[in-house]
Amino acid sequence: MQYTEFLDSILPLEDSVQVVSSTACSNFCNSACYRCHGVLQTQDSWDYQHCKAQISRRQSQALQQIYQQAAEGYRHGSAEDAARLHDVLEQLEPISQRQGLSAPAGMSDLISQHKALQQQIAETQQRAAKLRLVADVEKRQAHFEACLSADEYLQAAECLRGLSEFSQGQQGSGFSGFVQQCRDQRAALQESLQELVDTAVQSESPHQPQLVISPNWLTGAGTDPQEVWQALQSLGSLQEVISKLAKHICQHVLTPLLRLHPYPVCFQTHLQRDLDEGSYTIEVSYSVAGRQQGEEERCSVESAVLQCLQVLKQHAFGNNDSLVCQLGSMLWPDLAQEYITHCMKPSQALLADASQLRNMLDHFSTAEEFETAAVQLLHLGGGVAAAAASPEQQEEGAAAVSGSPRAEAGESRIHDFAQHCIDKAMHTKRMQVVEEARDIVVRDTKYETAVVGEDVLLTPRQSEQQTAKPEPKGPSLQEAGPFKITKVTHTVMQLMGGVIQEAVSSGSPAVLQSMCNAVLDVALLFTSPSPKLAEQLQQVAQLSCLHYNNCQYLAHELVTLPFIVRPPMGTLLGPKWQFLEVAGDLKEAGQAQLDFQIRRQAQEVVGLLGAAQGFQKVTSGQKGIAARRVVAQVLHSLSKLGDALGGILPSQVYVQAAGQVLQHVLQTIIDDLMSINDISVDESEDLPKILGPLVEEGPLAALGRAHQSGSHSPKAALSPATNKRVLLQTMKLAAPAIVKLQELLELMDVRLVEFEDRWESGRLQTCGFESQEVIHLVKALFEDTEMRRRVLHIVAST
């Protein structure tokens, strides 16, 4: 590129100097310099020097023309042009210094004057803004003073709130005095409103009337009866004022009224109207009702308190739900506590006497009804109160009422206290019932008995060998005949029945539930006896049988108890709550004790058989005598067992128990006989004679004298409808070993062919013999012959 072409490519001077933008001017000058330097920096010729000189002259000419235009702009241009020229000059100053040029004379002064003028304009604008603020403030304050003078409290409060918001936004801007003035005015307005509230609701008089309400003091200059309350809410002071009012009302009106409990109260309201001013005043007074007052003039303390709250709600707050809710949230915690102190705590003396539980329930029922009515009257619930909260409180997430500590205390203080007292009384009553039952049981050392139940004819049950059907369940205890129980058990049952009846009559499910638990605790005295009593039960058979009867009797009575009391328990606790589980526990405990005693008695009788040495070699003198003595001892033991237990247990239960003992004894004898490998002819003749009395007299001896003579025996009064035949038949069903031993003794005196006939006819199987037992008996009684082998083959093959 030639130097002349490069010069032609540079922006013409005439075009550049017409640009008043600082960016365009500086770009031109810098572009010319740097482009020239970039092209010619390596050249050292005459053309280079000539071109460089031309560019320098053009830069100087451009700067001079720019300065001239700037001077003309400062003298004749607008403020916006001057501001733009000022920026251009600041950016061109580095270029001028490189070219060795300076601004024209007076240009620096013009620039300084321009800066000073701009500063003066800014200060003037600030002063004007402050003057406008002051004018606005004075206008607002004048409006506030006018509203306050005209008793327009709500508008005054709204105006003052606007001033307060403005003052908070002007912190640190020289308005500190105004901020303090707003605070003082707010305090003065709040004090005025507080005086109006104190005048409208007067509650500090110690004499009648105790409460005076003048609603006209709350209206202000307008017609809205709630203007004062609305003004307080606008100021954010409503909660504080209502809290103070609630405290005064509770302290000077309601608490003295509660102190009159439990006497009836004469509550009166008197209305005074001023027709000229169109206002009225209502006076509330109360006193202890005298004898001269009629029933219609008398009321309870609770009713008087509710009437007083209703007067406050209607005349002081104009039935405004949100205001009443706030009053309730402040008033109710203290009022409930005072009510508990003066009307409920004296009733705690009843806790020392749990028999007064019914009276306590009636009293606390009245208290809970009062609490329900008061909470409903004061609209306690949180929803209305939250809506009535100020915007500031809503933003903070704490409504004026629902967020206050008092409101969080709950609306069921009286109910909670009543429930606590009732729980304590019920626990005391429960412990008294258990202690009384325990003392009755522990102090019983004579074990006096009483006869209960009704006798029925026993229906013999088929044994398992006689039928393949499952054995039916035995009849209930009441159907098993009369039986003996201890008088103590009857007394305890009467105690439990009386406790349940009293609890049902109270109408309280909680009380009934507690007394049912007391019954369960008493039942533990029988299902889990003390170690000392448990040892006595195991050692004494009669006590075990009595304990069985006691448990069965209690189980039966407890099952029927929920349906006997009036009203039935199901009306309070539902149909599912019964004593079935504890009845089952009682039956199991009684049956376990009886089973233990049966095993113990059976072991004692079986122990006598040891002296017979398995009834072997009874043909010898001494062994035969010993065997006969053992049989006599067994019969005597069975007779003693029958005499001891037969008159205690129900007939059917005892027959079953005696049959188990006899079964165990006779089965042991059968096992001993079946263990003899060789029975001689003499032994086969003597064994039926020795053991025959056990089969013939054993069942009758086991019945005992109470059942042997039918209804002619004095002890037979327990079972007048039973007879010996039925009892013996039942005994044989309970002890199938009787039939088996009888058949075994008969087999010792029959021929071999009789064995074959009885086996083929099924008689032996019916008596309980198995094939191996028959085979062993045939081998022991008969010599080895062809006929014996044939019989053995028949028995083994069938």
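From a predicted model like this one, the values you see are computed outputs, not experimental measurements.
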(message) Which heavy atom of V504 sits nearest to which heavy atom of L572, and what is that distance?
(response) O-CD1, 3.8 Å

(request) Taking all non-hydrogen atoms of both residues into account, name the closest pair between I242 and L327 and its distance. (result) CG2-CA, 3.6 Å

(message) Side chains of N517 and Q513, heavy atoms from C-beta outward: is any pair under 4.5 Å?
(response) yes

(request) Could you pull out the closest heavy-atom pair between L235 and L193, with the gap in Å? (result) CD1-CD1, 3.9 Å

(request) State which residues pass ring pair (Phe, Tyr, Trp, His ring centres under 6.0 Å) with Y339; sequence neighbours excluded, sorted by chain then number. (result) F370

(request) State, yes or no, whether a side-chain contact exists between C516 and L573 at a heavy-atom distance under 4.5 Å. (result) yes

(message) I'd like to check V511 versus K429 (side-chain heavy atoms, cut-off strictly below 4.5 Å). Are they in contact?
(response) no

(message) I need the minimum non-hydrogen distance between A373 and L306, along with the two atoms involved.
(response) CB-CD1, 3.7 Å

(message) With a 3.5 Å distance limit and no angle check, can you tell me whether H363 reaches the backbone of C343 through a side-chain donor-acceptor pair?
(response) yes

(message) Restricting to side-chain hydrogen bond (donor to acceptor under 3.5 Å, both in side chains), what partner residues turn up for S214, sequence neighbours left out?
(response) T281

(message) Holding to side-chain contact (heavy atoms from CB on, under 4.5 Å), I want the full list of residues that pass it with S505, two or more places apart in sequence or in another chain.
(response) R358, Q501

(request) Over all heavy atoms of both residues, which pair between M344 and I414 is shortest? Give the atoms and the distance, please. (result) SD-CG2, 3.6 Å

(request) Just jot down the side-chain hydrogen bond (donor to acceptor under 3.5 Å, both in side chains) partners of Q419, sequence neighbours excluded, or say none. (result) D423

(request) State, yes or no, whether a side-chain contact exists between L323 and L238 at a heavy-atom distance under 4.5 Å. (result) yes

(request) Determine, stepwise, if the pair Q190 / E240 fulfils side-chain contact (heavy atoms from CB on, under 4.5 Å). (result) CA-CA 10 Å; Q190 184 173 342; E240 179 182 353; 3.3 Å; yes

(request) Would you please name every residue forming a side-chain contact (heavy atoms from CB on, under 4.5 Å) with P256, sequence neighbours left out? (result) R259, Y286

(message) Once side-chain contact (heavy atoms from CB on, under 4.5 Å) is applied, do any residues pair with V559, and if so which ones, sequence neighbours excluded?
(response) L580, A583

(message) I'd like to know if the side chain of W229 reaches the main chain of A316, judged simply by a donor and an acceptor atom lying under 3.5 Å from each other, with no hydrogens or angles considered.
(response) yes

(request) Mind jotting down which residue pairs meet the salt bridge (charged side-chain N to carboxylate O under 4.0 Å, His left out) criterion with at least one end in residues 192-203? Sequence neighbours excluded, please. (result) none

(message) Under the rule for side-chain contact (heavy atoms from CB on, under 4.5 Å), what residues qualify as partners of S303, not counting sequence neighbours?
(response) C299, S300, Q307

(message) For P209 versus V212, what's the shortest heavy-atom pair and its separation?
(response) CG-CG2, 3.7 Å

(request) State, with a plain yes or no, whether a side-chain heavy atom of K313 is found less than 4.5 Å away from one of N319. (result) yes

(message) Heavy-atom count check: over 12 atoms from other residues, nucleotides or ligands less than 6.0 Å from E581 CD?
(response) no

(request) For K587, check side-chain hydrogen bond (donor to acceptor under 3.5 Å, both in side chains) against everything at least two apart and list the hits. (result) none

(message) Any heavy-atom pair between the side chains of L561 and M493 that's under 4.5 Å?
(response) yes

(message) I need the H490 NE2 to L554 CG distance, nearest 0.5 Å.
(response) 10.5 Å

(request) Using the test salt bridge (Lys or Arg N to Asp or Glu O under 4.0 Å), find all partners of E283 that sit at least two apart in sequence or belong to another chain. (result) none

(request) Answer whether the closest heavy-atom distance between the side chains of C250 and M330 falls below 4.5 Å. (result) no

(request) Flag the pair F267 / V284 as yes when at least one side-chain heavy-atom distance between them is below 4.5 Å, and no otherwise. (result) yes

(message) For the backbone of R413 and the side chain of E371, can you confirm whether one donor and one acceptor N or O come within less than 3.5 Å of each other?
(response) yes

(request) Just grab all the salt bridge (charged side-chain N to carboxylate O under 4.0 Å, His left out) pairs involving residues 508-524, residues at least two apart or on different chains. (result) R430-D521

(request) Sequence neighbours left out, what passes side-chain hydrogen bond (donor to acceptor under 3.5 Å, both in side chains) with N320? Give chain and number order. (result) S322

